[in-house]
Structure formats: C-alpha cells, structure tokens
Amino acid sequence: QVQLVESGGGLVQAGNSLRVSCVASGRTFSTYGVAWFRQAPGKEREFVAATSWSGASTNYADSVKGRFTISRDNAKNTVVLQMNSLKPEDTAIYYCAASSEGFYNDYAGTYNYWGQGTQVTVSS
C-alpha cells in the first residue's frame, strides 16, 4: 500500500511560481510511475504531467509544456511539480497519483493510488 500526501498549494499572482510536492509512504514507491492531475471547479479532472519510476522520462500536457517541470527524489519518496509563469487558468486542485505498474501516461484510470489534493489558486 502507498499513501500520497500533497503539499505546497496556495494563492499566487499570475506570472509567479509555485511548487507542489507529493510525499509517499511505502518502500516500493521508487518503482512507481507518478503523475499530477488537476481539477478546476465545474471541469473534468485533467492530466498535467507524469514521470517514470527513475525520473528519466516525463510527459506533459500541452497546456503546461515549457512552464511546469516534474521531478522526483526516490531517496525521499518525493515527487515535485515546479510551476512557473502561472496563469489564472491553472487554478485547480492538484492531485498526485501513482501507478504500481510503473505507467506514466495521461490516463487517470492507469493510477491506483491518489492523494487528497492541494489547492492552487492563481489570481489575475
């Protein structure tokens, strides 16, 4: 079993940066693919970014490419999403998700562990 806890959300002005973290329990986390999804009010949950178990491979949604960076530190069981040049449309609850099969794609059904989410609000 793996438990995921997100932190680092908050209120930030457009154009600024924010860093959200996901800390996992469980000794096998280093073998899991991990992703960030987000859900804005009244909208479907959408994929943001994902990383392979080693961090060597990553995927990004087109809407965040060049602005967001996902990285992981397996020694600390932590995955970080660095968000730069934030826009009001980035406002959402951000969720960390992990795949015990090691997948790191954009399909939410791939992931069998989810955190509770952290709110990110970007003001204009």
Results of salt bridge (charged side-chain N to carboxylate O under 4.0 Å, His left out) for Arg19 - residues two or more places apart only | none
Check the hydrophobic clustering (I, L, V, M, F, W, Y; side-chain heavy atoms under 4.5 Å; chains of links allowed) and say if Tyr94 and Trp114 are grouped together.
-> no
Are Val80 and Met83 connected in the hydrophobic side-chain network, where two residues link if heavy atoms are under 4.5 Å apart?
-> no
For Glu89, check salt bridge (charged side-chain N to carboxylate O under 4.0 Å, His left out) against everything at least two apart and list the hits.
-> none
Student check: side-chain heavy atoms of Asn16 and Leu86 closer than 4.5 Å = no
Do side-chain atoms of Glu6 reach the backbone of Gln116 as a donor and acceptor pair under 3.5 angstrom?
-> yes
Backbone of Asn105 reached by a side-chain donor or acceptor of Tyr111 within 3.5 Å = yes
Any donor-acceptor N/O pair, Asn77 side chain to Ala24 backbone, under 3.5 Å = yes
Sequence neighbours excluded, the answer for ring-ring contact (aromatic ring centres under 6.0 Å, His included) partners of Tyr95 is none
Is there a chain of hydrophobic side chains (I, L, V, M, F, W, Y, each step under 4.5 Å between heavy atoms) that links Leu4 to Phe37?
-> no
Who pairs with Tyr60 by ring-ring contact (aromatic ring centres under 6.0 Å, His included), at least two apart in sequence or on another chain?
-> none
Do Val79 and Trp53 share a hydrophobic cluster, counting only Ile, Leu, Val, Met, Phe, Trp and Tyr and linking them when any side-chain heavy atoms are less than 4.5 Å apart?
-> no
Could you list the residues that satisfy side chain to side chain donor-acceptor pair (under 3.5 Å) with Lys43, not counting sequence neighbours?
-> none
Here the gap from Gln39 atom CD to Gln119 atom CD, rounded to the nearest 0.5 Å, amounts to 11.0 Å
Taking it one step at a time, do Val23 and Thr78 satisfy side chain to side chain contact (heavy atoms under 4.5 Å, CB included)?
-> CA-CA 5 Å; Val23 178; Thr78 300; 3.8 Å; yes
Closest non-hydrogen atom pair, Ser124 against Ala14 = CA-CB, 4.3 Å
Got a second to check how far Asp90's CG is from Ser63's OG, nearest 0.5 Å?
-> 7.0 Å
Under a 4.5 Å cut-off applied to non-hydrogen side-chain atoms, are Trp36 and Cys96 in contact?
-> yes
Least distance between heavy atoms, Leu11 atom then Ser123 atom = CD1-CB, 4.3 Å
For Ser100 and Tyr32, what are the C-alpha separation, side-chain angles and deciding distance, and is it a side chain to side chain contact (heavy atoms under 4.5 Å, CB included)?
-> CA-CA 5 Å; Ser100 59; Tyr32 287 26; 3.7 Å; yes
Should Val122 and Val48 be counted in the same cluster of Ile, Leu, Val, Met, Phe, Trp and Tyr side chains packed under 4.5 Å apart?
-> yes
How far does SG of Cys22 sit from CZ of Arg72, to the nearest 0.5 angstrom?
-> 9.5 Å
Could you give the distance from OH (Tyr104) to CD1 (Ile70), rounded to the nearest 0.5 Å?
-> 11.5 Å
Would you please test Val20 and Arg38 for side chain to side chain contact (heavy atoms under 4.5 Å, CB included) and show each step?
-> CA-CA 12 Å; Val20 290; Arg38 66 187 182 186; over 6 Å; no
Residues passing the side chain to side chain donor-acceptor pair (under 3.5 Å) test with Gln3, sequence neighbours excluded, are none
Between atom OG of Ser17 and atom CZ of Phe68, what is the distance when rounded to the nearest 0.5 Å?
-> 9.5 Å
Say whether, by atom type as modelled, one donor and one acceptor occur between the side chain of Thr121 and the main chain of Thr91 under 3.5 angstrom.
-> no
Could you give the distance from CD (Gln82) to OG (Ser21), rounded to the nearest 0.5 Å?
-> 9.5 Å
Would you call Lys65-Asp62 a salt bridge at under 4.0 Å N-O?
-> yes
